[in-house]
Number of protein chains: 2
Amino acid sequence: MFLLLILKFLICGLTSETFRTILSVSETFRKTLPAIQRKLTSHPMTATLKDVARQSGYSVTTVSRALNGHDDVNEETRSRIRAAAEALDYSPNLNARQLQTRRAQSLGFIIPAEAQRLKEPFFMEFLSAVASEAAQHDYSILLSAHAPDAQEEDAYRHLAQSGRIGGMILMRARRHDPRVAMLTGLNIPCALFGRTGRDDGCAWIDVDGQAGVHAAAQHLLALGHSRIGHILGPDQYHFVGERQAGYASALAAARVPLEPDLIITVEHMTERDGYAATRRLLELGRPPSALIAVTDLVAMGAMRAVQDAGLRVGKDVAVVGFDGLSLTAYTSPPLTTVAQPTEEIGRKLVAMAVAQIAGDESFPKNELLIPRLIVRESSTGDQSKGQVLL
Amino acid sequence: MFLLLILKFLICGLTSETFRTILSVSETFRKTLPAIQRKLTSHPMTATLKDVARQSGYSVTTVSRALNGHDDVNEETRSRIRAAAEALDYSPNLNARQLQTRRAQSLGFIIPAEAQRLKEPFFMEFLSAVASEAAQHDYSILLSAHAPDAQEEDAYRHLAQSGRIGGMILMRARRHDPRVAMLTGLNIPCALFGRTGRDDGCAWIDVDGQAGVHAAAQHLLALGHSRIGHILGPDQYHFVGERQAGYASALAAARVPLEPDLIITVEHMTERDGYAATRRLLELGRPPSALIAVTDLVAMGAMRAVQDAGLRVGKDVAVVGFDGLSLTAYTSPPLTTVAQPTEEIGRKLVAMAVAQIAGDESFPKNELLIPRLIVRESSTGDQSKGQVLL
DNA sequence: TTGTAAGCGTTATCAT
DNA sequence: ATGATAACGCTTACAA
């Protein structure tokens with residue numbers, strides 16, 4: 001319409017009079033257009049501090065302070081402002097707040113791109129604990145999965161630099177974990193599940209895998225097994241070394257020689273790889289009569305391999321897992337496993353991250369938890385109810 | 001250290017001379033402190049557009065356009081700017097961007113406060129699909145759990161008005177779902193798992209519970225059962241009515257009379273409530289010989305109740321669940337269940353939400369999926385491998 | 001093709 | 001106790 005107007009004037013010829021008119025029209029238009037656009041495009045019903053200020057008759061500054069509980073505001077003023085905010089259904093725009101304060105009440109969590117991994121029940125149980133503990137602290141979780149093609153480190157960097165998170169929860173610490181270095185460089189506090197092995201000042205919680213596997217091996221030795229297979233994960237993880245140490249120490253204590261043949265490494269800690277590894281172990285000249293697997297999922301693969309070989313799990317070949325997934329109570333037979341307190345770990349990691357963000361130096365920065373061995377039929381072979389040992 | 005200084009002066013006694021010294025020290029301290037704090041607390045190494053502009057010699061505007069792929073920028077300029085950005089490890093502050101554009105590449109997802117619910121495997125399997133599909137679209141998920149004491153609707157409103165999300169994924173649609181009304185009022189597109197029952201213009205995906213339960217009941221009738229118990233959930237959910245309709249239609253088709261005694265409602269769809277409901281059913285004068293449960297978890301409680309009553313699941317009492325949790329393959333006996341394509345649902349919901357945010361009207365706004373019945377030992381009682389029927 | 005300037009909704013600084 | 005003003009880092013008219 002405006003263009004038509006111009007066109008019309010152009011056709012009629014321009015006098016300085018009409019030109020001034022155009023300018024004034026254009027001026028009005030320029031002023032009213034944004035308002036119109038705003039009405040049309042923006043979420044119409046989201047009140048801002050300005051709205052509350054107008055409604056209550058105070059300045060934006062005062063409103064901000066009143067709603068944030070500063071003590072330099074008259075109580076009567078505060079209640080008026082509160083009423084206005086309530087009436088308008090005001091709730092703060094966190095983008096603006098986070099931009100201004102450079103703080104964010106969210107923790108980042110990145111899940112591996114590979115969907116299989118994400119479906120690992122362990123991830124989910126962990127995440128559930130993390131999310132609910134975060135809620136207790138009034139934090140939310142920003143869940144991100146890096147695109148399959150992208151660099152892992154970039155994914156972490158983008159999230160960290162996006163300004164939307166105040167800290168980060170990391171899983172599966174690796175020996176020389178590039179993520180940790182990067183995040184501390186960016187001044188993003190992080191809480192790590194697992195140890196990197198060197199003291200990089202990062203907060204962590206870990207489970208004593210050495211003690212756990214030691215207990216598992218001891219349990220199997222006590223049952224009379226002397227050929228115990230050990231299915232390990234990739235060496236890049238610090239815990240793999242720990243686990244192997246626990247295995248070795250238990251055998252040594254029982255004066256059982258350590259046979260390299262019985263120790264095998266899987267590339268991915270999946271059911272599939274557990275199955276394959278177990279097949280190889282069972283095909284040995286003198287196969288093991290018991291197995292310790294790096295993960296419950298790997299152990300489930302192992303159980304299937306044992307059964308497919310015509311052997312009975314628990315009777316012919318004892319199987320022990322590691323993780324303590326709730327799933328393991330329902331397998332047939334139920335799986336003996338070294339249980340990590342998944343929920344406790346998730347909760348404590350969040351608490352650590354939050355404490356660090358708040359600058360609370362007194363909060364413990366790391367903790368080593370002792371796992372507990374849950375004995376079930378997959379190792380004992382009997383039908384009695386499962387019991388919990390240390 | 002500063003405190004120590006004060007302490008020292010206090011001990012030594014105060015002259016006006018030393019007092020003035022303190023003041024001046026304090027003054028200097030007060031002035032330099034913020035700068036120091038800033039250096040310490042703010043992320044020192046986070047480059048902004050301004051930094052890239054300075055480094056590359058262009059204006060902030062041009063840099064912005066170059067990096068965002070606008071076509072009104074010289075290609076040579078763009079590559080210079082890209083180089084500068086790379087060199088500085090630039091990555092955008094999304095708070096600022098979202099504040100300005102009023103758009104956010106995140107989807108909100110709120111998990112119920114009750115931790116038990118969150119631990120429901122179904123939630124987790126769903127969430128995993130949602131997160132990974134979101135990643136495909138370059139979206140992230142903002143996970144929030146509303147505090148136990150807070151109002152549910154407030155939790156949704158705060159998240160929606162925080163400006164951090166562009167859309168929302170909702171689970172467990174209820175008949176008159178207040179969340180949907182609120183979100184559409186705020187102009188936040190949402191994608192719903194389940195139907196509200198009335199056409200409120202909200203995108204949804206649902207599973208045909210009527211067809212599912214019909215198939216389950218048919219399966220049990222074919223096995224010779226004529227007294228089939230039905231354990232339902234709270235009536236506030238639309239799907240409960242659907243399920244009951246499927247149950248009724250299957251019985252009617254087989255000319256089996258419908259007995260109200262055999263239909264029972266649990267308040268919470270948990271293992272515990274399933275156990276209790278099943279006990280009550282088994283205590284009837286003429287107990288059912290088969291059960292259809294509203295959830296796999298409820299079915300697992302039912303199986304335990306059957307076993308505790310000294311009966312054999314699958315032989316004496318057939319049990320069928322609904323959800324198709326991967327867990328159900330491992331129960332003893334393995335559970336017959338009406339499987340929802342959890343992953344597909346999660347993925348499609350995300351795709352729907354993203355399409356709506358992008359303003360793509362052509363994208364389908366709702367879809368009804370047909371579940372499939374997975375037959376296992378809990379209904380057949382035999383040891384043959386489980387098979388999938390329609 | 002590039003730059004200038006305004007503004008998104010907050011909070012922080014500094015007057016009053 | 002309250003308010004004016006200036007940021008925070010980004011996008012987007014509009015001007016050049």
Side-chain angles (χ1 to χ4, degrees), chain A residues 23 26-27 29-38 41-43 46-54 56-81 85 88 90-105 161-164, chain B residues 30-31 33-35 37-38 41-43 46-54 56-81 85 88 90-105 161-164:
Chain A
L23 277 185
S26 139
E27 185 62 19
F29 195 70
R30 208 175 58 77
K31 272 190 180 163
T32 55
L33 184 60
I36 295 172
Q37 277 192 334
R38 189 139 147 221
T41 59
S42 80
H43 306 160
T46 303
T48 70
L49 272 190
K50 211 159 151 189
D51 298 320
V52 179
R54 197 178 312 126
S56 64
Y58 290 91
S59 74
V60 172
T61 310
T62 304
V63 171
S64 169
R65 281 188 302 227
L67 295 177
N68 286 317
H70 291 218
D71 54 5
D72 59 350
V73 46
N74 189 311
E75 277 309 321
E76 193 184 321
T77 305
R78 192 194 303 279
S79 65
R80 279 204 205 116
I81 289 176
L88 293 172
Y90 169 77
S91 114
N93 180 318
L94 296 186
N95 285 321
R97 174 180 290 173
Q98 289 169 359
L99 176 59
Q100 163 66 23
T101 63
R102 299 133 156 273
R103 277 177 279 116
Q105 302 239 33
Q161 297 192 339
S162 75
R164 294 172 303 167
Chain B
R30 207 176 59 77
K31 273 189 179 162
L33 185 60
Q37 276 191 332
R38 187 129 155 232
T41 59
S42 83
H43 308 159
T46 304
T48 70
L49 271 192
K50 210 159 146 190
D51 298 320
V52 180
R54 198 178 312 126
S56 64
Y58 290 92
S59 74
V60 173
T61 310
T62 305
V63 171
S64 168
R65 282 188 301 227
L67 295 177
N68 286 316
H70 290 220
D71 54 4
D72 58 350
V73 44
N74 190 311
E75 276 310 322
E76 192 183 323
T77 305
R78 193 196 302 281
S79 65
R80 278 204 205 116
I81 289 177
L88 293 172
Y90 170 77
S91 116
N93 180 318
L94 296 187
N95 285 321
R97 173 180 290 173
Q98 289 170 359
L99 176 59
Q100 163 67 25
T101 62
R102 295 128 163 275
R103 278 176 279 115
Q105 302 239 41
Q161 296 192 342
S162 75
R164 295 172 302 167

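Hydrogens, waters and symmetry mates are skipped; everything else that's a heavy atom, side chains included, is used. Throughout, a chain's letter reflects where its sequence line sits, starting with A, and its residues are numbered from 1.
- For Arg65(B), taking side-chain heavy atoms from C-beta onward, the closest of the listed nucleotides dC8(C), dT2(D), dC14(D) is dC14(D).
- Whole-Å rounding puts the Glu75(B) CD to dT2(C) P distance at 10 Å.
- Note on Asn68(B): a side-chain N or O is less than 4.0 Å away from OP1 or OP2 of dT11(D).
- Summary of the strand contacts: Thr61(B) and His70(A) both lie near DNA chain C, and taking for each the nucleotide with the nearest heavy atom, the more 5' one is attributed to Thr61(B).
- Within the 4.0 Å cut-off from OP1 or OP2 of dG9(D), at least one side-chain nitrogen or oxygen of Arg102(A) is found.
- Thr48(B) has no side-chain polar atom (N or O) that falls below the 4.0 Å cut-off from OP1 or OP2 of dG9(D).
- In the set dG9(C), dG7(C), dT11(C), dT11(C) carries the atom at the smallest distance from any side-chain atom of Val60(A).
- Rounded to a whole Å, the CZ atom of Arg80(B) is 13 Å from the C1' atom of dT2(C).
- Here the straight-line distance linking atom OG1 of Thr46(B) with atom OH of Tyr90(B) works out to 11.0 Å at 0.5 Å rounding.
- Distances shorter than 4.0 Å separate some side-chain N or O of Ser64(A) from OP1 or OP2 on dT11(C).
- A heavy-atom distance below 4.5 Å is found between the side chains of Leu67(B) and Leu49(B).
- Of the residues near DNA chain C, Tyr90(A) and Val73(B), the one whose nearest nucleotide (by heavy atom distance) lies more toward the 5' end is Val73(B).
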Evaluate side-chain contact (heavy atoms from CB on, under 4.5 Å) for Tyr58(A) paired with Ile81(A), printing each intermediate quantity in order. CA-CA 8 Å; Tyr58(A) 290 91; Ile81(A) 289 176; 3.9 Å; yes

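- A straight line from CZ of Arg164(A) to P of dC10(D) spans 13 Å, rounded to a whole angstrom.
- With a 4.5 Å cut-off on side-chain heavy atoms, Glu75(B) and Arg78(B) count as touching.
- Between the side chain of Asn93(A) and the backbone N or O of Gly163(B) there is no donor-acceptor pair closer than 3.5 Å.
- Looking at the side chain of Arg97(A), the nearest of the listed nucleotides dG7(C), dT11(C), dG9(C) is dT11(C).
- Dashed line: the shortest gap from a side-chain N or O of Thr101(B) to OP1 or OP2 of dT11(D) is not under 4.0 Å.
- Straight-line distance from the CG atom of Asn93(B) to the C1' atom of dC8(C): 13 Å, rounded to whole Å.
- When the side-chain nitrogen and oxygen atoms of Ser59(B) are compared with OP1 and OP2 of dG3(C), one or more of them lie within a distance under 4.0 Å.
- Spacing between atom CG of Asn95(A) and atom C1' of dG7(C) amounts to 15 Å, rounded to whole angstrom units.
- Atom CG of Asp72(B) is separated from atom C1' of dA16(D) by 14 Å (rounded to the nearest Å).
- Between the base of dG9(D) and the side chain of Gln100(B) there is no donor-acceptor pair shorter than 3.5 Å.
- Here dT12(D) is the nucleotide among dA12(C), dT12(D), dG9(C) with the atom lying nearest to any side-chain atom of Arg103(B).
- Under a 3.5 Å cut-off, the side chain of Ser56(A) and the backbone N or O of Val52(A) do form a donor-acceptor pair.
- Using a 4.0 Å heavy-atom criterion, one finds that Asn74(A) contacts the sugar-phosphate atoms exclusively.
- Of all nucleotides listed (dC8(D), dG3(D), dT11(C)), dC8(D) comes nearest to the side chain of Leu99(A).
- The distance from atom CZ of Arg54(B) to atom P of dC10(D) is 12 Å, rounded to the nearest whole Å.
- Distance CG (Leu49(B)) to C1' (dT12(D)): 13 Å, rounded to an integer number of Å.
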